[in-house]
There are 2 protein chains.
Amino acid sequence: MPTLEEVARHSGVSRSTVSRVINNDPHVSEETRQKVLQAIAELDYHPNAVARSLAAGHTQIIGLVIPTAVAMLFSDPYFPRLIQGVAAACNASDYSVMLWIGEPEYERRTIHRHLNSGLLDGIIVASAVRDDPVVSALHQSGLPFVMVGRPEDPTISYVDVDNVHGAREAVLHLLRQGYRRIATITGPLNTAAALDRLEGYRMALQSRGIAVDEALIAEGDFTEEGGALAMQQLLPHRPDALFCASDTMAQGAMRTIRAAGLRIPQEMAIVGYDDMPFAPNLEPPLTTVRQPIERMGQEAVALLLDLLAHPDDGPHHLVLPTELIIRASTARS
Amino acid sequence: MPTLEEVARHSGVSRSTVSRVINNDPHVSEETRQKVLQAIAELDYHPNAVARSLAAGHTQIIGLVIPTAVAMLFSDPYFPRLIQGVAAACNASDYSVMLWIGEPEYERRTIHRHLNSGLLDGIIVASAVRDDPVVSALHQSGLPFVMVGRPEDPTISYVDVDNVHGAREAVLHLLRQGYRRIATITGPLNTAAALDRLEGYRMALQSRGIAVDEALIAEGDFTEEGGALAMQQLLPHRPDALFCASDTMAQGAMRTIRAAGLRIPQEMAIVGYDDMPFAPNLEPPLTTVRQPIERMGQEAVALLLDLLAHPDDGPHHLVLPTELIIRASTARS
DNA sequence: TGAGCGTATGAGAGCGCTCCCAATCACGAA
DNA sequence: TTCGTGATTGGGAGCGCTCTCATACGCTCA
């Protein structure tokens with residue numbers, strides 16, 4: 001593995017000059033630049049990222065933390081898409097992504113060790129639950145970071161989708177279709193997304209003068225099984241429509257509904273959330289709220305890079321719009 | 001951020017000694033060790049990973065390359081689970097994971113730049129297609145690497161599942177149930193997994209003296225849509241059973257089958273592959289071949305670390321067993 | 001012709017750590 | 001007492017690069 005030094009010797013210039021051409025410093029004559037470039041090609045030289053980071057004081061690496069419980073990663077295409085978005089944006093900006101999946105047994109010491117190792121220039125935290133220890137550790141470490149999903153603390157930069165609005169539109173659609181006893185299966189209520197969607201549900205009903213019946217609200221956990229279970233609680237209260245805080249839970253709820261002998265959408269309309277790839281293939285195809293997951297990842301990177309460039313700026317908050325995708329599961333025939 | 005130097009001053013010993021206690025060198029008196037440990041705690045010192053890497057010549061970082069086309073990441077839980085396995089195993093061994101999602105536009109130069117930057121101690125390549133440029137680049141870079149999924153070149157270390165055997169068992173099950181005109185939807189035939197599963201299909205038929213009808217073989221692309229399309233090709237040839245090289249494609253095929261008015265499994269039995277989370281929830285629940293995806297990730301890390309420790313060992317090949325999960329989609333009633 | 005200025009280049013001091021080698025010391029053996 | 005021995009500790013030379021500063025070399029302009 002050739003070094004800067006060797007390239008310098010080979011092309012008859014100093015280390016500094018080679019460094020300049022590598023870093024595209026304009027203060028190099030065209031002639032010298034060519035000479036150096038040729039030496040680089042001949043020796044097949046590649047700068048050593050580690051040495052470069054040590055000298056420069058930054059690594060061009062950002063961390064992507066996914067502190068969610070292990071189980072969700074398995075079935076939910078949310079994270080792959082988010083990762084995809086983050087990776088794409090990083091590649092485009094010459095950053096690398098260090099993946100860090102928060103295992104439950106990770107305790108404070110390990111977290112700190114990673115955060116303070118100087119390996120990361122910044123961090124993106126995906127979908128933390130409330131009071132996540134990673135977030136507080138991050139906060140006191142002083143490392144720049146942005147969250148995907150609104151945190152409690154407004155001084156933190158984040159990008160999120162407009163969950164309240166998305167949920168409200170979904171429920172309003174149900175209302176417009178003439179449904180009146182609308183139930184909801186929420187996500188785990190220690191997440192901001194679940195809370196916001198529930199809030200949207202309430203707002204929609206209230207805006208039409210319909211009292212919220214707490215018996216029509218069941219808490220799920222974003223899993224298929226959890227959706228099926230929650231639906232069992234809901235069924236005795238005879239709702240005529242359902243707003244689910246995730247497509248995955250909607251899928252589970254549909255199973256329960258069918259098992260109870262009810263027809264969708266004639267006897268029970270359903271709206272999901274996420275517009276997962278399987279949503280159009282369900283029986284019947286699922287009306288749902290699409291959110292720009294991948295774009296969130298990209299915007300999170302953009303925000304973080306901005307934060308790295310201008311550390312003194314206040315926190316940035318970016319809220320992306322959602323889109324209601326209407327399919328057969330809410331078609332009052 | 002305090003440095004080694006400061007810890008040394010603060011505890012009244014030399015840099016070397018502090019370095020020793022950090023690295024658990026036994027040649028330090030208990031008394032000194034305590035003194036240093038205390039200074040470390042008081043200053044809240046954390047070693048700088050970058051400086052350490054530069055001096056030590058290795059980074060404790062491994063790369064996880066996913067060169068597959070973007071689309072698959074979206075719908076397929078395969079990668080999340082693999083990532084999960086890799087991350088877990090790395091954490092357990094004090095390594096970090098650098099994620100590298102191969103965008104199509106990544107050309108040779110970029111690949112080389114990453115491989116030769118010295119940032120990575122080793123690499124795990126997930127599911128490369130045949131003649132993937134990343135693999136050849138990796139080969140000539142001299143970086144230790146292992147693949148997930150059997151490569152053509154036997155000198156490369158890999159871990160894989162026994163795809164031939166898994167497919168054979170699946171088709172034999174169909175045969176045992178009395179089905180005779182068994183069709184198959186393969187994966188893209190430029191991947192080893194698809195080829196191996198097709199091979200298992202052929203072997204099963206031949207072992208029962210049944211001639212392979214090429215009209216009953218359709219190539220898919222591991223997507224739901226691809227499965228639906230492939231099934232349309234197959235239908236005119238009147239198969240009575242189907243072996244799908246992935247659950248996702250099976251899902252698509254079921255859609256086509258149902259649209260054609262055929263009942264599953266009475267008029268068309270189906271076996272999938274992967275045992276994805278949704279497989280038991282399909283209508284009817286899908287018989288499928290389960291493979292230990294997460295474990296593959298773990299074993300890949302184990303193999304790689306072994307390779308790092310013993311660079312001169314020959315290539316390791318590890319083939320994990322599959323398991324046939326029998327559900328209603330093959331229940332000849 | 002020489003002062004003044006801008007541009008191209010080189011020198012050298014780190015960045016924070018590891019690791020080899022030498023120095024020190026205590027202690028038992030000769 | 002002297003020397004060897006082994007356990008501790010310190011010194012110092014890098015790892016490969018960046019970056020500030022100083023130097024040198026043209027120019028232009030008076």
Side-chain angles (χ1 to χ4, degrees), chain A residues 1-37 39-40 43-61 94 96 113-121 308, chain B residues 1-40 43-61 94 96 113-121:
Chain A
M1 218 52 358
T3 69
L4 234 209
E5 185 79 48
E6 298 176 47
V7 175
R9 268 205 304 277
H10 193 269
S11 52
V13 299
S14 73
R15 247 184 8 245
S16 310
T17 302
V18 178
S19 175
R20 283 188 189 98
V21 351
I22 288 175
N23 295 295
N24 281 317
D25 187 314
H27 300 293
V28 180
S29 72
E30 191 49 34
E31 186 191 6
T32 308
R33 179 184 306 280
Q34 289 309 327
K35 210 164 50 183
V36 172
L37 251 21
I40 288 177
L43 297 175
D44 190 29
Y45 165 77
H46 296 269
N48 179 303
V50 177
R52 187 185 266 219
S53 297
L54 179 59
H58 60 259
T59 58
Q60 299 277 106
I61 300 176
D94 261 313
S96 297
R113 186 156 56 77
H114 276 93
L115 296 186
N116 295 303
S117 72
L119 223 203
L120 271 22
D121 284 349
L308 293 178
Chain B
M1 213 69 339
T3 69
L4 234 208
E5 185 78 48
E6 297 176 49
V7 175
R9 269 205 303 277
H10 193 270
S11 52
V13 300
S14 73
R15 247 182 9 248
S16 310
T17 301
V18 178
S19 175
R20 284 188 188 98
V21 351
I22 287 175
N23 294 295
N24 282 316
D25 187 314
H27 300 294
V28 181
S29 72
E30 192 48 34
E31 185 191 5
T32 309
R33 179 184 307 280
Q34 289 309 328
K35 211 164 49 183
V36 173
L37 251 20
Q38 189 188 340
I40 288 177
L43 296 175
D44 190 28
Y45 166 77
H46 296 270
N48 179 303
V50 177
R52 188 184 265 220
S53 296
L54 179 60
H58 61 258
T59 58
Q60 300 277 103
I61 300 175
D94 261 313
S96 297
R113 185 156 57 75
H114 276 92
L115 296 186
N116 293 303
S117 72
L119 223 204
L120 271 22
D121 284 349

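Order of the sequence lines fixes the chain letters, A, B, ..., with proteins taken first and strands second; residue numbering starts at 1 for each chain.
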Distance in angstrom units between [X] [atom1] and [N] [atom2], rounded:
{"X": "A:R9", "N": "C:dT9", "atom1": "CZ", "atom2": "P", "answer": "20 Å"}
{"X": "B:Q34", "N": "D:dT9", "atom1": "CD", "atom2": "P", "answer": "13 Å"}
{"X": "A:E5", "N": "D:dG14", "atom1": "CD", "atom2": "P", "answer": "12 Å"}
{"X": "B:D25", "N": "C:dC19", "atom1": "CG", "atom2": "C1'", "answer": "10 Å"}
{"X": "B:L4", "N": "C:dC19", "atom1": "CG", "atom2": "C1'", "answer": "13 Å"}
{"X": "A:E31", "N": "C:dA8", "atom1": "CD", "atom2": "P", "answer": "12 Å"}
{"X": "B:N48", "N": "D:dC15", "atom1": "CG", "atom2": "C1'", "answer": "13 Å"}
{"X": "A:L54", "N": "D:dC17", "atom1": "CG", "atom2": "C1'", "answer": "8 Å"}

Between the protein and nucleotides 25-28 of chain C, list every N/O to N/O distance that falls short of 3.5 Å.
none

I'd like to check [X] versus [Y] (side-chain heavy atoms, cut-off strictly below 4.5 Å). Are they in contact?
{"X": "A:E31", "Y": "A:R33", "result": "no"}
{"X": "B:L120", "Y": "B:T59", "result": "no"}
{"X": "A:P26", "Y": "A:R20", "result": "no"}
{"X": "A:V18", "Y": "A:S14", "result": "no"}

Any side-chain N or O of [X] under 4.0 Å from OP1/OP2 of [N]?
{"X": "B:S14", "N": "D:dG10", "result": "yes"}
{"X": "A:R52", "N": "D:dT18", "result": "yes"}
{"X": "B:T17", "N": "D:dG10", "result": "yes"}
{"X": "B:H27", "N": "D:dA7", "result": "no"}
{"X": "B:S29", "N": "D:dT9", "result": "yes"}

Quiz item: Which part of the nucleic acid does A:V50 contact within heavy-atom distance under 4.0 Å: base, sugar-phosphate only, or nothing?
Solution: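 Nothing, no nucleic acid heavy atom in range.
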Practice problem: Scan B:T32 against the nucleic acid and name what it touches under 4.0 Å (heavy atoms): base, sugar-phosphate only, or nothing. | Solution: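 Since only primed, P, OP1 and OP2 atoms lie under 4.0 Å of B:T32, the category is sugar-phosphate.
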Self-check item: Heavy-atom donor-acceptor pair, A:T17 side chain to A:V13 backbone, under 3.5 Å
Solution: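 Such a contact is absent between A:T17 side chain and A:V13 backbone.
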Quiz item: Is it the case that B:S16 and B:S19 place a side-chain donor and acceptor less than 3.5 Å from each other?
Solution: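 The criterion, which ignores hydrogens and geometry beyond distance, is not satisfied for B:S19 and B:S16.
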Quiz item: So, B:Q38 versus B:Q34: side-chain donor-acceptor pair below 3.5 Å or not?
Solution: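 No.
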Quiz prompt | Nearest-0.5 Å distance that lies between atom CG in B:N48 and atom OG in A:S53 | solution =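 The OG atom of A:S53 is 9.5 Å from CG of B:N48, to the nearest 0.5 Å.
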Quiz item: Which nucleotide in the set C:dT18, D:dG16, C:dG10 lies at the smallest distance from any side-chain heavy atom of A:T3?
Solution: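 From the listed options, D:dG16 comes nearest.
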Practice problem: At under 4.0 Å between heavy atoms, which parts of nucleotides 19-27 of chain D does protein reach? Answer with one letter per nucleotide, 5' to 3': B base, S sugar-phosphate only, - none. | Solution: BB-------
Quiz item: Between A:R113 and B:D94, is the closest basic N to carboxylate O distance under 4.0 Å?
Solution: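 A:R113 and B:D94: salt-bridged.
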Quiz item: Looking at A:E6 and A:R9, does any basic side-chain N land under 4.0 Å from a carboxylate oxygen?
Solution: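 A:R9 and A:E6: not salt-bridged.
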